[in-house]
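Here the structure comes first, spelled out in structure tokens, and everything after it is commentary.
Values below: all heavy atoms of this structure, side chains included; hydrogens, waters and symmetry mates excluded. We name chains A, B, ... by the order of the sequence lines, and we start the count at 1 in each one.
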Amino acid sequence: ETGVTQSPTHLIKTRGQQVTLRCSSQSGHNTVSWYQQALGQGPQFIFQYYREEENGRGNFPPRFSGLQFPNYSSELNVNALELDDSALYLCASSFWAPRTDYGYTFGSGTRLTVV
Amino acid sequence: AQKVTQAQTEISVVEKEDVTLDCVYETRDTTYYLFWYKQPPSGELVFLIRRNSFDEQNEISGRYSWNFQKSTSSFNFTITASQVVDSAVYFCALSGGSNYKLTFGKGTLLTVNP
């Protein structure tokens with residue numbers, strides 16, 4: 001059983017640039033969520049994808065967008081980067097079906113620094 | 001709206017001491033799930049436990065135990081005979097029955113000194 005893998009592990013971008021972060025879900029999982037964790041804070045929910053469609057979103061502006069692919073891998077895109085976007089970005093995958101328990105598996109994250 | 005409060009920002013103990021991490025939650029959902037995660041310096045969130053709102057039985061897993069009390073909206077986590085390897089940030093989280101997002105507390109940094 002493979003876990004959740006994220007790439008890259010670290011990234012430095014300049015303010016105003018765009019960035020794409022990638023996540024490969026755990027085998028068998030059909031749902032992927034993205035979280036932003038600022039330094040010293042708990043993770044904050046960005047959005048979730050199920051069957052390639054967004055089905056839940058946190059309090060993040062539209063410049064945060066995502067994709068989920070048929071193989072359940074996912075991308076997080078952030079446009080017009082701001083200094084406050086510097087954070088650890090975590091991807092979590094899970095399997096959803098009616099009357100199933102929730103089980104989230106997290107990746108190790110991508111550390112994004114905006115300068 | 002859901003909210004998770006971990007009032008203890010940092011705790012420092014000496015190895016072999018017992019330590020309890022507090023978690024208080026708020027939700028209007030009648031069905032919900034509570035979680036504890038461990039985050040070592042590597043960054044990955046390591047799942048420790050999931051408890052649904054209908055199961056108030058306390059749970060013990062080795063040196064770890066959890067005390068769920070609906071009456072006080074608390075889900076506390078105790079480590080018995082702490083070890084240096086327990087040093088990490090611990091997060092309590094809440095998920096509603098009808099959605100999937102996790103609402104995390106701000107975490108408690110536990111340092112276990114030899």
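In terms of hydrophobic clustering, with Ile, Leu, Val, Met, Phe, Trp and Tyr side chains grouped at heavy-atom distances under 4.5 Å, B:Phe91 and B:Phe47 are assigned to a common cluster. Under a hydrophobic clustering in which Ile, Leu, Val, Met, Phe, Trp and Tyr are joined whenever their side-chain heavy atoms come within less than 4.5 Å, directly or via other members, A:Phe60 and A:Val32 fall into the same cluster. Under the 4.5 Å side-chain heavy-atom criterion for ILVMFWY residues, no single connected hydrophobic cluster contains both A:Leu67 and A:Leu90. Follow the hydrophobic side-chain contacts under 4.5 Å out from B:Tyr33 and you reach B:Tyr37 in the same cluster. In this structure, B:Val112 is a member of the same hydrophobic cluster as B:Leu48, with clusters built from ILVMFWY side-chain heavy atoms closer than 4.5 Å.
Residue-environment remark: CZ (B:Arg63) exceeds the threshold of 12 foreign heavy atoms within 6.0 Å. Atom CG of A:Leu83 has more than 12 heavy atoms from other residues, nucleotides or ligands within 6.0 Å. Few gaps surround CG on A:Asn71; more than 12 heavy atoms of other groups in view lie less than 6.0 Å from it. Within a 6.0 Å radius of NZ in B:Lys38, more than 12 heavy atoms belonging to other residues, nucleotides or ligands are found.
Residue B:Gln6 does not touch chain A at all, counting heavy-atom pairs closer than 4.5 Å. Only the side chain of A:Gln37 comes within contact range of chain B, with at least one heavy atom under 4.5 Å from a heavy atom of that chain.
When the heavy atoms of residues 106-115 of chain A are compared with those of chain B, the residues falling under 4.5 Å are A:Phe106, A:Gly107, A:Ser108, listed by number.
Centroid-to-centroid, the aromatic rings of A:Tyr35 and B:Phe104 come within less than 6.0 Å.
Looking at heavy atoms from C-beta onward, B:Ser95 lies in side-chain contact with A:Tyr104 at the 4.5 angstrom threshold.
Nearest approach of A:Pro43 to B:Leu45, heavy atoms of both residues: CG-CD1, 4.0 Å.
Here the OG1-CD distance, from A:Thr105 to B:Glu44, works out to 9.0 Å after rounding to the nearest 0.5 Å.
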